[in-house]
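Residues take their numbers from the sequence shown, with the count starting at 1.
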Amino acid sequence: NGQARPMEAVDAQRPLVWDELAARLHPGEADELARLVGRSRIDENATLSAELHALLEIHAELTDGTGELLARESLLRSLEPPGRQTVA
């Protein structure tokens, strides 16, 4: 269908932009940039990123579980005698 699944849309292994940037700067420069950007913004971004990844993991688990349930339901319906109606 052309749409990426949520886990594929966000690379869970990708480090935060701040972490990548700070690793390339001299420690004094990183401290100064953190002050300019705002430590609270950097911290909140890390928190939101962690929350996003947790939600994506939950979504993946629910999606996998739903697929299993639908497969079981389909199997059970295929085992029913012909003409028997099931209550949905």
Side-chain angles (χ1 to χ4, degrees):
N1 63 19
Q3 293 182 344
R5 292 181 50 196
M7 284 299 283
E8 295 166 353
V10 177
D11 183 0
Q13 302 303 316
R14 182 176 178 184
L16 297 173
V17 172
W18 172 256
D19 294 338
E20 290 180 352
L21 183 60
R24 292 184 168 102
L25 297 173
H26 183 275
E29 293 172 330
D31 291 341
E32 178 66 14
L33 187 57
R35 187 184 66 73
L36 292 171
V37 170
R39 178 48 67 187
S40 63
R41 286 186 176 137
I42 295 168
D43 292 343
E44 184 164 348
N45 185 49
T47 299
L48 292 172
S49 179
E51 289 178 14
L52 170 64
H53 289 24
L55 290 170
L56 289 172
E57 287 179 22
I58 291 168
H59 177 269
E61 290 173 9
L62 289 174
T63 301
D64 290 346
T66 301
E68 289 176 18
L69 288 174
L70 291 174
R72 286 182 192 171
E73 179 185 18
S74 177
L75 175 63
L76 290 174
R77 286 182 185 219
S78 71
L79 297 174
E80 291 178 355
R84 181 173 177 202
Q85 293 204 357
T86 58
V87 178

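- Partners of Arg72 according to the side-chain hydrogen bond (donor to acceptor under 3.5 Å, both in side chains) rule, which considers only residues two or more places apart in sequence or in another chain, do not exist here.
- Taken from CD in Glu44 to CG in Leu48, the straight-line distance is 5.0 Å, to the nearest 0.5 Å.
- Between the side chain of His59 and the main chain of Leu55, no donor-acceptor pair closer than 3.5 Å is present.
- Not counting sequence neighbours, the partners of Glu32 by the side-chain hydrogen bond (donor to acceptor under 3.5 Å, both in side chains) test are Arg35.
- Residues Leu79 make up the rest of the hydrophobic cluster containing Leu75, defined by ILVMFWY side-chain heavy atoms closer than 4.5 Å, directly or through other members.
- Between Thr47 and Glu51, the closest side-chain pair of non-hydrogen atoms falls below 4.5 Å.
- Under the side chain to side chain contact (heavy atoms under 4.5 Å, CB included) criterion, Glu61 pairs with no residue, sequence neighbours left out.
- Other residues sharing the hydrophobic cluster of Leu62, ordered by chain and number and joined by side-chain separations under 4.5 Å: Ile58.
- Val37 forms part of a hydrophobic cluster together with Trp18, Leu21, Leu25, Leu33, Ile42, judged by ILVMFWY side-chain heavy-atom separations under 4.5 Å.
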